[in-house]
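What follows is a set of notes on a single structure, which appears directly below.
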Amino acid sequence: MPSHLINAANDIRLAFFDIDGTLLDSHGQLRPALFPAINLLKTRGIKTAIASGRPYFAARFLMDELGIQDASMFYTGAHIYDPQTRHTLLNILLKSDDAQAVLAAATVMGLYVEAYTDSAFYISQPTEISKVHAEHLRINPILDSVAAVINRSDIAKLLLGVNRAQQGDLLSVLEAQFPNLIFARAYLTAYPDWQFASVISSAASKQRAFEYLLQYHKVQAHQVISFGDAESDMDFLRMAGIGIAMGNANPDVQSVADWVTQTADNAGVAYAINQLFNP
């Protein structure tokens with residue numbers, strides 16, 4: 001661990017954590033070493049928060065278990081929620097017309113699609129990957145027509161998935177058709193052939209969410225440490241005073257980080273916290 005990062009750690013007042021591939025290992029489990037590590041931050045007066053593409057309803061179990069209860073970012077920046085006050089601080093929805101257009105194009109391409117509201121997620125038909133994803137989220141999807149859900153409900157995001165080994169990089173092809181929307185990429189560590197994209201409104205950028213949370217928590221960027229593993233985490237890694245990439249992150253993600261820790265399977269978050277705050 002570089003000495004300048006250990007020195008910078010003295011100024012940290014807020015820690016942001018991605019979930020999948022960061023706090024959760026490749027099997028979707030919390031490693032025991034995380035519990036004392038998160039508690040170490042809290043004993044030093046450091047706030048702990050989530051920065052994830054997950055909805056709050058699929059992150060709450062983890063936040064409760066680890067005691068992460070400060071205002072956090074969900075849906076890749078579209079939703080900011082404070083679990084202590086139980087108040088939604090920011091909620092940016094995906095326009096219905098945009099959601100239907102993306103769904104139509106994704107259906108033609110044969111992509112996997114999930115639709116998310118503030119309280120549930122929906123699939124049109126069960127598949128192997130929907131079963132795996134539900135296990136990771138620890139929430140079962142509701143079986144319904146995704147098109148019908150979009151018509152009758154406020155949509156926070158669509159999640160698209162593609163098996164790149166079988167279908168190629170169709171997410172990039174689709175993204176090029178919708179330059180007005182954000183496609184935030186993510187992976188399931190145990191299924192490396194699969195790539196996912198959270199499709200959200202262009203108004204719901206991570207930079208906007210980061211700046212909002214800085215003001216809300218009354219901290220400055222150099223007082224923030226962020227942990228992540230996916231392309232969608234890169235903005236938070238760049239903007240934070242200390243950006244920590246997981247050992248399981250791809251080279252592009254690791255290249256923007258200040259330091260690369262061990263993998264999620266080796267409790268890399270806990271390892272980094274102990275190196276920085278308990279050297």
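Remember, predicted model here, so these are calculated numbers, not experimental data. In what follows, residues are counted from 1 in the order of the sequence shown.
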4.5 Å side-chain heavy-atom contact, Lys47 and Leu14: yes
Sequence neighbours excluded, every pair satisfying ring-ring contact (aromatic ring centres under 6.0 Å, His included) that has a member inside residues 160-189: none
Residue list, salt bridge (Lys or Arg N to Asp or Glu O under 4.0 Å) with Asp64, at least two apart or on another chain: Arg60
Of all pairs that satisfy salt bridge (Lys or Arg N to Asp or Glu O under 4.0 Å), the ones with a partner from residues 127-138, not counting sequence neighbours: Glu65-Arg138, Lys131-Glu135
Pairing residues for Tyr56 by the ring pair (Phe, Tyr, Trp, His ring centres under 6.0 Å) criterion, not counting sequence neighbours: Phe74, Tyr81
By side chain to side chain contact (heavy atoms under 4.5 Å, CB included) - contacts of Gln215 (at least two apart): none
Test side chain to side chain contact (heavy atoms under 4.5 Å, CB included) applied to Asn266 - qualifying residues, sequence neighbours left out: Gln262, Thr263
Side chain to side chain contact (heavy atoms under 4.5 Å, CB included) involving Val260 - partner list, sequence neighbours excluded: Ala245, Gln254
All ring pair (Phe, Tyr, Trp, His ring centres under 6.0 Å) counterparts of Phe236, not counting sequence neighbours: Phe16, Phe210
Aromatic ring pairing Phe227/Phe17, orientation class (parallel under 30°, perpendicular over 60°, tilted between): parallel
Pro2 side chain reached by Trp259 side chain, heavy atoms, under 4.5 Å: yes
Ionic contact status for Arg164 with Asp193, cut-off 4.0 Å: no
Sequence neighbours excluded, every pair satisfying salt bridge (Lys or Arg N to Asp or Glu O under 4.0 Å) that has a member inside residues 202-216: Lys206-Asp233
Short side-chain donor-acceptor distance under 3.5 Å, Arg185 and Ser172: yes
Pairwise ring-ring contact (aromatic ring centres under 6.0 Å, His included) hits with a residue in residues 128-154, at least two apart: His133-Phe196
Distance-only criterion, 3.5 Å: show the donor-acceptor pairs between side-chain atoms of residues 88-95 and protein atoms not counting sequence neighbours.
residue: Thr88; atom: OG1; partner: His79; partner atom: NE2; Å: 3.4

Which residues share a side chain to side chain contact (heavy atoms under 4.5 Å, CB included) with Asp118, sequence neighbours left out: none
